[in-house]
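In this chain, residues are counted from 1 in sequence order.
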Amino acid sequence: MAVIKFFQVFFFALLFINFSNLPDSMQSVEEYGTDEFVLHITIRAFIPNEIEGNDGLLKDVNGKVILSGPRNSCFLTDNRGFSLNDNESFRIQTKFSIKIRNGEVEMSPPSSDIHKISNSTLVDCNTGNVISSLPAILKISSIGKPIFEDNQVQIIGQVAGNNPHMESPWIDYSFDFIYSIDEKKLTYSITAGAFPALEVYASLNDGINKKAVYIEASNSPYELFDFGTGFVMSNYEGKMKF
(Lines give C-alpha, C1' and ligand atoms only; values in the text may rest on other atoms or scores of the structure.)
Protein backbone atom coordinates (compact mmCIF):
# COMPACT_ATOMS: atom_id res chain seq x y z
CA MET A 1 0.00 0.00 0.00
CA ALA A 2 3.02 2.32 -0.31
CA VAL A 3 1.66 3.84 -3.50
CA ILE A 4 -1.72 4.50 -1.86
CA LYS A 5 -0.08 6.24 1.09
CA PHE A 6 2.03 8.38 -1.26
CA PHE A 7 -0.99 9.52 -3.23
CA GLN A 8 -2.93 10.19 -0.03
CA VAL A 9 -0.29 12.65 1.20
CA PHE A 10 0.10 14.15 -2.27
CA PHE A 11 -3.64 14.66 -2.71
CA PHE A 12 -4.22 16.39 0.61
CA ALA A 13 -1.40 18.80 -0.24
CA LEU A 14 -3.48 19.78 -3.30
CA LEU A 15 -7.01 19.72 -1.88
CA PHE A 16 -7.80 23.25 -2.98
CA ILE A 17 -7.33 22.37 -6.65
CA ASN A 18 -10.66 21.83 -8.41
CA PHE A 19 -10.73 18.48 -10.17
CA SER A 20 -14.28 18.85 -11.50
CA ASN A 21 -13.06 19.16 -15.09
CA LEU A 22 -11.19 15.85 -15.08
CA PRO A 23 -12.54 13.23 -17.50
CA ASP A 24 -14.39 10.23 -16.15
CA SER A 25 -11.84 8.05 -14.44
CA MET A 26 -11.05 4.66 -15.97
CA GLN A 27 -7.66 3.10 -15.33
CA SER A 28 -6.26 -0.35 -16.00
CA VAL A 29 -5.18 -2.45 -13.05
CA GLU A 30 -3.74 -5.91 -12.55
CA GLU A 31 -6.07 -8.79 -13.37
CA TYR A 32 -7.71 -10.23 -10.27
CA GLY A 33 -10.64 -12.10 -11.80
CA THR A 34 -13.85 -11.44 -13.69
CA ASP A 35 -16.20 -10.75 -10.77
CA GLU A 36 -17.82 -7.33 -10.78
CA PHE A 37 -18.00 -5.20 -7.64
CA VAL A 38 -19.88 -1.91 -7.45
CA LEU A 39 -19.44 0.18 -4.30
CA HIS A 40 -21.87 3.07 -3.76
CA ILE A 41 -20.99 5.85 -1.28
CA THR A 42 -23.10 8.79 -0.11
CA ILE A 43 -22.17 11.70 2.18
CA ARG A 44 -24.75 14.34 3.10
CA ALA A 45 -24.46 17.50 5.20
CA PHE A 46 -27.87 18.68 6.39
CA ILE A 47 -29.46 20.99 8.97
CA PRO A 48 -31.48 18.74 11.29
CA ASN A 49 -34.78 19.49 13.02
CA GLU A 50 -33.23 18.90 16.45
CA ILE A 51 -29.91 20.01 17.93
CA GLU A 52 -29.04 19.03 21.49
CA GLY A 53 -28.76 22.13 23.69
CA ASN A 54 -29.70 24.40 20.80
CA ASP A 55 -30.69 27.29 23.13
CA GLY A 56 -33.24 28.71 20.72
CA LEU A 57 -31.16 28.16 17.60
CA LEU A 58 -34.05 26.21 16.06
CA LYS A 59 -37.74 27.06 16.32
CA ASP A 60 -41.01 25.84 14.85
CA VAL A 61 -42.89 28.57 12.99
CA ASN A 62 -46.20 27.58 11.37
CA GLY A 63 -45.04 24.00 10.91
CA LYS A 64 -41.61 24.92 9.57
CA VAL A 65 -38.43 24.28 11.57
CA ILE A 66 -36.20 27.29 10.97
CA LEU A 67 -32.66 28.22 11.94
CA SER A 68 -32.05 31.59 13.63
CA GLY A 69 -29.24 33.58 12.04
CA PRO A 70 -27.47 36.88 12.73
CA ARG A 71 -29.21 40.27 12.44
CA ASN A 72 -32.70 38.78 12.87
CA SER A 73 -32.35 36.49 9.86
CA CYS A 74 -33.83 32.99 9.66
CA PHE A 75 -33.37 30.06 7.27
CA LEU A 76 -35.19 26.85 6.45
CA THR A 77 -33.62 23.66 7.79
CA ASP A 78 -33.79 20.23 6.16
CA ASN A 79 -36.33 19.42 8.89
CA ARG A 80 -35.23 15.80 9.42
CA GLY A 81 -33.00 13.46 11.36
CA PHE A 82 -30.44 10.91 10.15
CA SER A 83 -31.53 8.66 7.32
CA LEU A 84 -30.30 5.98 4.89
CA ASN A 85 -32.93 7.03 2.34
CA ASP A 86 -31.35 8.10 -0.96
CA ASN A 87 -33.94 10.85 -1.53
CA GLU A 88 -33.48 12.96 1.62
CA SER A 89 -32.79 16.70 1.45
CA PHE A 90 -29.31 18.12 2.09
CA ARG A 91 -27.17 21.25 2.12
CA ILE A 92 -24.28 19.47 0.36
CA GLN A 93 -24.19 15.93 -0.99
CA THR A 94 -21.39 13.73 -2.34
CA LYS A 95 -22.59 10.62 -4.15
CA PHE A 96 -20.58 8.28 -6.37
CA SER A 97 -20.01 4.66 -7.36
CA ILE A 98 -16.82 2.69 -7.95
CA LYS A 99 -17.06 -0.26 -10.35
CA ILE A 100 -14.31 -2.90 -10.53
CA ARG A 101 -14.63 -5.31 -13.43
CA ASN A 102 -12.25 -7.33 -15.62
CA GLY A 103 -9.14 -5.57 -14.36
CA GLU A 104 -10.50 -2.03 -14.65
CA VAL A 105 -11.71 0.59 -12.16
CA GLU A 106 -14.40 3.09 -13.13
CA MET A 107 -15.95 5.95 -11.14
CA SER A 108 -19.38 7.39 -11.90
CA PRO A 109 -21.08 9.80 -12.36
CA PRO A 110 -18.70 12.32 -14.03
CA SER A 111 -16.61 14.13 -11.43
CA SER A 112 -18.48 17.40 -12.11
CA ASP A 113 -21.73 15.75 -10.91
CA ILE A 114 -20.47 14.00 -7.78
CA HIS A 115 -20.81 16.99 -5.42
CA LYS A 116 -24.19 18.75 -5.31
CA ILE A 117 -25.33 21.78 -3.34
CA SER A 118 -28.85 22.95 -2.47
CA ASN A 119 -30.53 26.33 -2.32
CA SER A 120 -30.37 28.36 0.88
CA THR A 121 -33.81 29.73 1.77
CA LEU A 122 -34.17 32.94 3.77
CA VAL A 123 -37.52 33.19 5.57
CA ASP A 124 -39.40 35.63 7.78
CA CYS A 125 -38.59 34.75 11.40
CA ASN A 126 -42.16 35.38 12.57
CA THR A 127 -44.22 33.80 9.81
CA GLY A 128 -41.86 31.39 8.09
CA ASN A 129 -42.73 32.91 4.70
CA VAL A 130 -40.01 32.67 2.06
CA ILE A 131 -38.13 35.92 1.43
CA SER A 132 -35.44 34.63 -0.93
CA SER A 133 -34.07 31.29 -2.12
CA LEU A 134 -30.62 31.29 -3.73
CA PRO A 135 -28.16 28.56 -4.77
CA ALA A 136 -25.53 28.09 -2.09
CA ILE A 137 -21.96 29.00 -3.06
CA LEU A 138 -19.70 26.06 -3.86
CA LYS A 139 -16.24 26.99 -2.55
CA ILE A 140 -14.38 23.68 -3.05
CA SER A 141 -15.30 20.74 -5.28
CA SER A 142 -12.53 18.14 -5.49
CA ILE A 143 -12.27 14.41 -6.01
CA GLY A 144 -9.31 12.33 -7.10
CA LYS A 145 -9.07 9.39 -9.45
CA PRO A 146 -9.50 5.95 -7.85
CA ILE A 147 -6.20 4.30 -6.94
CA PHE A 148 -6.02 0.51 -7.15
CA GLU A 149 -3.33 -1.67 -5.55
CA ASP A 150 -3.27 -5.05 -3.78
CA ASN A 151 -6.98 -5.55 -4.47
CA GLN A 152 -7.83 -2.32 -2.67
CA VAL A 153 -9.37 0.84 -4.11
CA GLN A 154 -8.88 4.30 -2.60
CA ILE A 155 -10.77 7.52 -3.33
CA ILE A 156 -10.13 10.93 -1.71
CA GLY A 157 -11.96 14.25 -2.01
CA GLN A 158 -13.21 17.46 -0.43
CA VAL A 159 -16.19 19.79 -0.81
CA ALA A 160 -17.21 23.07 0.83
CA GLY A 161 -19.94 25.66 0.40
CA ASN A 162 -21.60 28.51 2.23
CA ASN A 163 -24.67 30.71 2.55
CA PRO A 164 -25.24 33.08 -0.42
CA HIS A 165 -27.32 35.56 1.59
CA MET A 166 -24.59 36.81 3.93
CA GLU A 167 -21.05 36.20 5.19
CA SER A 168 -21.18 32.79 6.79
CA PRO A 169 -18.97 29.87 7.86
CA TRP A 170 -18.31 27.10 5.39
CA ILE A 171 -19.98 23.72 5.41
CA ASP A 172 -16.83 21.75 4.71
CA TYR A 173 -15.85 18.08 4.74
CA SER A 174 -13.15 15.86 3.24
CA PHE A 175 -13.03 12.09 2.91
CA ASP A 176 -10.68 9.17 2.36
CA PHE A 177 -12.22 5.77 1.55
CA ILE A 178 -10.34 2.49 1.05
CA TYR A 179 -12.28 -0.59 -0.02
CA SER A 180 -10.71 -4.04 0.31
CA ILE A 181 -12.11 -6.49 -2.26
CA ASP A 182 -10.74 -9.54 -0.45
CA GLU A 183 -12.26 -8.58 2.92
CA LYS A 184 -15.33 -6.74 1.60
CA LYS A 185 -14.38 -4.02 4.06
CA LEU A 186 -14.65 -0.23 3.71
CA THR A 187 -12.25 1.88 5.79
CA TYR A 188 -13.19 5.55 6.06
CA SER A 189 -11.69 8.77 7.37
CA ILE A 190 -14.02 11.80 7.42
CA THR A 191 -12.92 15.29 8.42
CA ALA A 192 -15.81 17.69 9.08
CA GLY A 193 -16.86 20.72 11.06
CA ALA A 194 -19.24 20.63 14.00
CA PHE A 195 -22.20 22.02 12.01
CA PRO A 196 -24.42 20.91 10.36
CA ALA A 197 -25.10 17.19 10.81
CA LEU A 198 -23.33 14.73 8.52
CA GLU A 199 -24.36 11.21 7.49
CA VAL A 200 -22.20 8.73 5.59
CA TYR A 201 -23.47 5.44 4.25
CA ALA A 202 -22.55 2.85 1.61
CA SER A 203 -23.85 -0.19 -0.21
CA LEU A 204 -22.26 -2.97 -2.23
CA ASN A 205 -23.72 -4.03 -5.58
CA ASP A 206 -27.51 -4.14 -5.14
CA GLY A 207 -27.39 -4.44 -1.36
CA ILE A 208 -29.10 -2.19 1.17
CA ASN A 209 -27.54 1.05 2.39
CA LYS A 210 -25.47 0.59 5.55
CA LYS A 211 -24.48 3.31 7.98
CA ALA A 212 -20.81 4.21 8.15
CA VAL A 213 -21.00 7.19 10.53
CA TYR A 214 -23.52 9.76 11.78
CA ILE A 215 -22.06 13.06 13.03
CA GLU A 216 -24.33 15.18 15.21
CA ALA A 217 -24.61 18.94 14.68
CA SER A 218 -23.07 21.19 17.31
CA ASN A 219 -24.87 23.94 19.18
CA SER A 220 -24.25 26.66 16.59
CA PRO A 221 -23.00 27.10 13.00
CA TYR A 222 -21.11 30.20 14.08
CA GLU A 223 -18.55 28.00 15.83
CA LEU A 224 -17.35 27.16 12.32
CA PHE A 225 -15.88 30.53 11.35
CA ASP A 226 -12.36 29.66 10.20
CA PHE A 227 -12.60 30.84 6.55
CA GLY A 228 -11.53 27.49 5.15
CA THR A 229 -8.42 27.05 7.30
CA GLY A 230 -9.65 23.77 8.83
CA PHE A 231 -8.85 24.79 12.41
CA VAL A 232 -12.30 23.85 13.71
CA MET A 233 -12.50 20.48 11.96
CA SER A 234 -12.62 17.02 13.59
CA ASN A 235 -11.70 13.62 12.19
CA TYR A 236 -13.89 10.52 12.31
CA GLU A 237 -12.43 7.12 11.38
CA GLY A 238 -13.84 3.63 11.22
CA LYS A 239 -14.47 0.43 9.25
CA MET A 240 -17.53 -1.37 7.98
CA LYS A 241 -17.97 -4.80 6.37
CA PHE A 242 -20.45 -5.94 3.77
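- Closest of all the heavy-atom pairs between Cys125 and Val61 is O-CG2, 3.7 Å.
- Hydrophobic clustering of Ile, Leu, Val, Met, Phe, Trp and Tyr side chains at less than 4.5 Å, counting indirect connections, unites Tyr236 with Val200.
- Within the 4.5 Å cutoff, the side chain of Leu58 has no heavy atoms near those of the Asn49 side chain.
- In this structure, CD1 in Ile171 is found 11.0 Å from CG in Leu138, a value given to the nearest 0.5 Å.
- Shown here is Asn72, whose CG atom has no more than 12 heavy atoms of other residues, nucleotides or ligands within 6.0 Å.
- With 3.5 Å as the limit, one finds no donor-acceptor pair spanning the side chains of Glu36 and Asn205.
- Residues Val123 and Leu67 do not share a hydrophobic cluster, clusters being chains of Ile/Leu/Val/Met/Phe/Trp/Tyr side chains in contact below 4.5 Å.
- Using modelled atom types, no side-chain atom of Arg44 and backbone atom of Ala197 make a donor-acceptor pair closer than 3.5 Å.
- Residues Tyr201 and Tyr214 place their aromatic rings such that the two centres sit no closer than 6.0 Å.
- By the 6.0 Å contact criterion, CG on Asn85 is enclosed, its count of non-hydrogen atoms from other residues, nucleotides or ligands being greater than 12.
- Side-chain atoms of Tyr173 and Thr94 form a donor-acceptor pair, as typed in the model, at a separation below 3.5 Å.
- Looking at Met166 and Ser73, their side chains come closer than 4.5 Å, going by heavy atoms from C-beta outward.
- His115 approaches Ser142 most closely through the heavy-atom pair NE2-O, 3.0 Å.
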For a side-chain contact (heavy atoms from CB on, under 4.5 Å) check, start with the C-alpha distance between Asn119 and Leu134, then their side-chain angles and the critical distance, and finish with the verdict. CA-CA 5 Å; Asn119 278 18; Leu134 298 173; 5.9 Å; no
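- Between Lys59 and Ser68 the shortest heavy-atom distance is CE-OG, 4.1 Å.
- Expressed to the nearest 0.5 Å, how far CZ of Phe75 lies from CZ of Arg91 amounts to 11.0 Å.
- For the residue pair Thr127 and Asn129, a side-chain donor N or O sits within less than 3.5 Å of a side-chain acceptor on the partner.
- Each of Ile92, Ile117, Ile43 was evaluated against Val159; a single residue qualifies, Ile92, per the side-chain contact (heavy atoms from CB on, under 4.5 Å) test.
- Hydrophobic cluster membership is shared by Phe46 and Leu84, with clusters built from Ile, Leu, Val, Met, Phe, Trp and Tyr side chains linked at under 4.5 angstrom.
- Salt bridge annotation for Asp113-Lys95: absent, with no cationic side-chain nitrogen under 4.0 angstrom from a carboxylate oxygen.
- Checking side-chain atoms of Lys210 against main-chain N and O of Lys241 turns up a donor-acceptor pair under 3.5 Å.
- Looking at Glu183 and Lys239, no side-chain N of the basic residue comes within less than 4.0 Å of a carboxylate O on the acidic one, giving no salt bridge.
- No hydrogens or angles considered: a donor-acceptor pair under 3.5 Å links the side chains of Asp78 and Ser89.
- Side-chain contact between His165 and Ser132 is present, with heavy atoms from C-beta onward closer than 4.5 Å.
- Heavy atoms only, all atoms of each residue included: Ala192 and Ile215 are closest at CB-CD1, 4.5 Å.
- Grouping the Ile, Leu, Val, Met, Phe, Trp and Tyr side chains by contacts below 4.5 angstrom, directly or via other members, places Phe90 apart from Ile51.
- Judged purely by distance below 3.5 Å, without hydrogens or angles, the side chains of Gln152 and Ser180 never pair a donor atom with an acceptor atom.
- Looking at every heavy atom in both residues, Ala217 comes nearest to Phe195 through CB-CD1, 4.0 Å.
- Residues Phe177 and Tyr179 keep their aromatic ring centres 6.0 Å or farther apart.
- Residue Val38 is not grouped with residue Ile41 when hydrophobic side chains (ILVMFWY) are merged at heavy-atom distances under 4.5 angstrom, including chains of intermediate members.
- Here the NZ atom belonging to Lys64 is positioned 11.0 Å from the CG atom belonging to Asn79, to the nearest 0.5 angstrom.
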Which is it for Met107 and Lys145 under the side-chain contact (heavy atoms from CB on, under 4.5 Å) test, yes or no, and what are the steps along the way? CA-CA 8 Å; Met107 181 171 66; Lys145 292 183 178 182; over 6 Å; no
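- For the atom pair Lys185 NZ and Ile178 CD1, the distance stands at 9.5 Å (nearest 0.5 Å).
- Contact between Glu199 and Gly81 at its shortest, heavy atoms only, is OE1-O, 4.3 Å.
- Taking the six-membered ring where the residue is Trp, the centroids of Phe96 and His40 are separated by 6.0 Å or more.
- Between atom CG of residue Leu204 and atom CG of residue Leu186 there is a gap of 9.5 Å, rounded to the nearest 0.5 Å.
- Rounding to the nearest 0.5 Å places OG of Ser189 at 4.0 Å from CG of Asn235.
- Looking at heavy atoms from C-beta onward, Ile114 lies in side-chain contact with Pro109 at the 4.5 angstrom threshold.
- Taking the ring axis of Phe37 as reference, the NZ or CZ atom of Arg101 does not stay both within 45° of it and closer than 6.0 Å to the ring centre.
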